J.: 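Below is the structure I would like to discuss, written out as structure tokens.
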Amino acid sequence: QVQLVESGGGLVQAGGSLRLSCAASGMIFSINAMGWYRQAPGKQRDLVAAITNGGSTNYADSVKGRFTISRDNAKNMVYLQMNSLKPEDTAVYYCNANIKRRTDYTSMIYWGQGTQVSVSS
């Protein structure tokens, strides 16, 4: 009933840029916080960046100054602009959103399927 779909991953050289997009669709009444997480092989899934519906943001220390999260509330979209990419940024990136459903007005956390970002040295 609610779906998150990411796009924009790929292979890039160190120092390059990528922009990830995530579209939320389905029986959505409202969306609170949205965010991006990443998981490298053999490691846990960690928060990269998050943004509230009011536009407040927070970032992992490792990406501050390089990544920028933004959202378009009218389109139910969240974006992650990634600049000055490093090999250690290589991971599967997941979109995450706290969504209140139109069907029963309950809130749940939803995840996208993930998109691979690979940074070569």
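Position 1 is the first residue of the sequence, and the numbers go up from there. Remember, predicted model here, so these are calculated numbers, not experimental data.
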J.: Which residue pairs pass the side-chain hydrogen bond (donor to acceptor under 3.5 Å, both in side chains) test when at least one of the two sits in residues 78-87, sequence neighbours left out?
T.: Ser17-Asn83, Gln81-Asn83
J.: So, does Glu6 use its side chain to make a donor-acceptor pair with the main chain of Gln113 at under 3.5 Å?
T.: yes
J.: Looking at every heavy atom in both Leu20 and Met82, which two are closest together, and how far apart are they?
T.: CG-CE, 3.7 Å
J.: For the residue pair Leu80 and Ala49, what are the closest heavy atoms and their distance?
T.: CD1-CB, 4.2 Å
J.: Can you name the nearest heavy-atom pair linking Ser121 to Ala14, along with the distance?
T.: CA-CB, 4.3 Å
J.: Applying salt bridge (Lys or Arg N to Asp or Glu O under 4.0 Å), name anything that partners Arg66, two or more places apart in sequence or on another chain.
T.: Asp89
J.: Check for me, please, whether Tyr37 and Leu18 land in the same ILVMFWY cluster - side-chain distances under 4.5 Å, paths through other members count.
T.: no
J.: Show every donor-acceptor pair shorter than 3.5 Å between a side-chain atom in residues 21-30 and any protein atom, with sequence neighbours excluded, or say none if there are none.
T.:
none

J.: Are Val117 and Phe67 co-members of a hydrophobic cluster defined by side-chain heavy atoms under 4.5 Å apart?
T.: yes
J.: Could you tell me which non-hydrogen atom of Val119 sits nearest to which non-hydrogen atom of Thr90, and how far apart they are?
T.: N-OG1, 2.9 Å
J.: What residues form a side-chain contact (heavy atoms from CB on, under 4.5 Å) with Ala91, not counting sequence neighbours?
T.: Arg38, Ala40, Tyr93
J.: Hydrophobic cluster membership, with links at side-chain heavy-atom distances under 4.5 Å among I/L/V/M/F/W/Y: are Met34 and Met108 in one?
T.: yes
J.: Can you give me the closest heavy-atom contact between Ala97 and Ile31, atom names plus distance?
T.: CB-CG2, 4.2 Å
J.: In a check of side chain to side chain contact (heavy atoms under 4.5 Å, CB included) between Tyr59 and each of Ile51, Leu47, Ile69, which one passes?
T.: Ile69
J.: Which residues pass the side-chain hydrogen bond (donor to acceptor under 3.5 Å, both in side chains) test with Gln1, sequence neighbours left out?
T.: none
J.: Hey, mind stepping through Asn96 and Ile109 against side chain to side chain contact (heavy atoms under 4.5 Å, CB included) and telling me if it holds?
T.: CA-CA 7 Å; Asn96 159 288; Ile109 301 296; 3.2 Å; yes
J.: With a 4.5 Å cut-off on side-chain heavy atoms, are Val92 and Arg45 touching?
T.: no
J.: Could you give the distance from CG (Leu4) to CD1 (Ile99), rounded to the nearest 0.5 Å?
T.: 5.0 Å
J.: Tell me every residue that passes salt bridge (Lys or Arg N to Asp or Glu O under 4.0 Å) with Lys75, counting only those two or more places apart in sequence or in another chain.
T.: none
J.: Quick check against the 3.5 Å criterion: does Arg71 have a side-chain atom that pairs as donor or acceptor with the backbone of Thr52?
T.: yes
